[in-house]
Amino acid sequence: SRAGVILEDLEKIKKEYARPRRTAIENAETVVVEETPVEETELVFLMDRFGYVRTIDVSVYERNQEAAEAENKFVFRCMNTDKVCVFTDQGRMHTIKVLDVPYGKFRDKGTPADNLCNYSSEKEQIIYVGSMAELKTGKLVFATRAGMVKIVDGSEFDVAKRTIAATKLSGEEDRLLLVGPAEPNDYLVLKSAGGYFLRFSLDEVPEKKKTAIGVRGIRLGEGDAVEEAWLLASRIEFSIPYHDRELTLNKLKLGKRDGKGTKIRG
């Protein structure tokens, strides 16, 4: 067979040319392999609703901006030397090096985030994605199913580890529902499964460590849980479909943190 012939030839070469190494490496500990520095460039990161990620050139994004915003769940500019932070409902944060994200054309499919970090689409849901450079200069607001809320300084997420606990959940059933940039004058709206809505100012949410559970955002009735949470900018109206009508969240009665909220009927 061909493989047999190749092996036979290699054995002959080995016998004819094999000889001990003539040089010795004596200072292996001091050998320094220098990596070629990466030229820093700005890219645009895209993640669609199925968790597929890719990066594209800024000029490509600008030519396709409308389609990019419509077809992707998370879109932001970042440097190729940066990291991407992926927050999940399990209270974890996974990091991906931007250089590991496939770079290509606008219509490229990309690759699942599962392939690039410890995130598992079978066990977790992605809540928020942002660039580490952006996160560490600001603050993040958190809200959970159990109604707990807090603000955390973004510098706490500037870590080298691939996966960390981004927050402490209040029990096995608790899930992270919302993570987002905490801007002055913004509002938080919590909606319970029982149909209670509570809108309150972010000024009422204290700053805590990422290891803290936080404080109570809404006073829930027996067996009730927070179903959805929204961050609202102060002057931009935001509506949701609710029982066959549009409900403008900015027009909800302004309450106080730890209140029961208002029951909105269909």
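Excluded from the calculations below are hydrogen atoms, water molecules and symmetry mates; all remaining heavy atoms, backbone and side chain alike, are included.
- Checking E237 against T248 by side-chain atom types alone, no donor-acceptor pair falls below 3.5 Å.
- Transitive grouping of hydrophobic side chains (ILVMFWY, heavy atoms separated by less than 4.5 Å) brings I164 and I96 into a common cluster.
- Partners of I127 under the side-chain contact (heavy atoms from CB on, under 4.5 Å) rule, at least two apart in sequence or in another chain, are D89, V179.
- Contact record, E39 with N80: O-ND2, 2.9 Å, taken as the closest heavy-atom pair.
- For K139, the side-chain hydrogen bond (donor to acceptor under 3.5 Å, both in side chains) partners two or more places apart in sequence, or in a different chain, are D153, E207.
- The side-chain hydrogen bond (donor to acceptor under 3.5 Å, both in side chains) test applied to E42 returns no partner, not counting sequence neighbours.
- Scanning for side-chain contact (heavy atoms from CB on, under 4.5 Å) contacts around A229 gives A143, L178, L190, with sequence neighbours left out.
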- request: Let me see the working for R54 and E71 under salt bridge (charged side-chain N to carboxylate O under 4.0 Å, His left out), right down to the final yes or no.
  value: CA-CA 13 Å; R54 64 199 191 282; E71 295 166 16; 5.3 Å; no

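- Under the side-chain contact (heavy atoms from CB on, under 4.5 Å) criterion, D57 pairs with S59, V60, Y103, sequence neighbours left out.
- Looking at T95 and V84, their side chains never come closer than 4.5 Å, going by heavy atoms from C-beta outward.
- Not a single donor-acceptor pair under 3.5 Å links the side chain of D158 to the backbone N or O of K136.
- Applying the side-chain hydrogen bond (donor to acceptor under 3.5 Å, both in side chains) test to D108 and every residue at least two apart in sequence or in another chain returns nothing.
- N185 and S234 share no side-chain donor-acceptor pair at under 3.5 Å.
- With rounding to the nearest 0.5 angstrom, the CD atom of E156 is 10.0 Å from the OG1 atom of T167.
- Hydrophobic cluster membership of L10, counting Ile, Leu, Val, Met, Phe, Trp and Tyr whose side-chain heavy atoms lie under 4.5 Å apart directly or via other members: I6.
- In this structure a side-chain-to-backbone donor-acceptor pair under 3.5 Å is present from E204 to R257.
- Applying the 4.5 Å side-chain rule to ILVMFWY residues, one finds M148 in the same cluster as I213.
- Other residues, nucleotides and ligands contribute at most 12 non-hydrogen atoms within 6.0 Å of the CD atom of E66.
- Contact record, D258 with R216: OD1-NE, 2.7 Å, taken as the closest heavy-atom pair.
- Counting only residues at least two apart or on different chains, the ring pair (Phe, Tyr, Trp, His ring centres under 6.0 Å) pairs with a member in residues 175-204 are F197-Y242.
- Of the possible donor and acceptor atoms, one in the side chain of D224 sits under 3.5 Å from a partner among the backbone N and O of A193.
- In this structure N115 satisfies the side-chain hydrogen bond (donor to acceptor under 3.5 Å, both in side chains) test together with T111, sequence neighbours excluded.
- Within 6.0 Å of CD in E173 there are 12 or fewer heavy atoms belonging to other residues, nucleotides or ligands.
- Linking Ile, Leu, Val, Met, Phe, Trp and Tyr whenever their side-chain heavy atoms come within less than 4.5 Å puts I218 and V215 in one cluster.
- At most 12 non-hydrogen atoms from other residues, nucleotides or ligands lie less than 6.0 angstrom from CD of Q125.
- L176 and L188 fall into different hydrophobic clusters, where Ile, Leu, Val, Met, Phe, Trp and Tyr side chains are chained together by heavy-atom contacts under 4.5 Å.
- Using the six-membered ring where Trp is involved, Y128 and F87 have ring planes that are tilted, between 30° and 60° apart.
- Distance check: S192 OG to L220 CG gives 6.0 Å after rounding to the nearest 0.5 Å.
- Side chain of D203 to main chain of P184: no donor-acceptor pair is present (N/O by atom type, distance under 3.5 Å, no hydrogens or angles).
- Connection of V98 to F157 is established within a shared hydrophobic cluster, with ILVMFWY side chains joined at heavy-atom distances below 4.5 Å, either directly or through further cluster members.
- Hydrophobic cluster membership is shared by L140 and F76, with clusters built from Ile, Leu, Val, Met, Phe, Trp and Tyr side chains linked at under 4.5 angstrom.
- The shortest heavy-atom contact between A146 and S170 is CB-OG, 3.3 Å.
- Residue pairs meeting the salt bridge (Lys or Arg N to Asp or Glu O under 4.0 Å) criterion with at least one partner in residues 109-128, sequence neighbours excluded, are R92-E124.
- With a 6.0 Å radius and a threshold of 12 heavy atoms from other residues, nucleotides or ligands, K253 has its NZ atom at or below the threshold.
- Applying the side-chain contact (heavy atoms from CB on, under 4.5 Å) criterion to K12, with sequence neighbours excluded, gives E8.
- In this structure, G214 and K150 approach most closely via the heavy-atom pair CA-CB, 3.9 Å.
- The backbone N or O of V75 sits nowhere less than 3.5 Å from a side-chain atom of N72 that would complete a donor-acceptor pair.
- Ion pairing between D174 and R145 fails under the 4.0 Å rule for side-chain N and carboxylate O.
- A donor-acceptor distance shorter than 3.5 angstrom exists from the side chain of D82 to the backbone of A133, with no hydrogens or angles considered.
- The two residues L46 and A68 have their closest heavy-atom pair at CD2-CB, 4.3 Å.
- Within a 6.0 Å radius of NZ in K210, other residues, nucleotides and ligands contribute more than 12 heavy atoms.
- V86 and I126 make their closest contact through CG1-CG1, 3.8 Å (heavy atoms, listed as atom of the first residue, atom of the second, distance).
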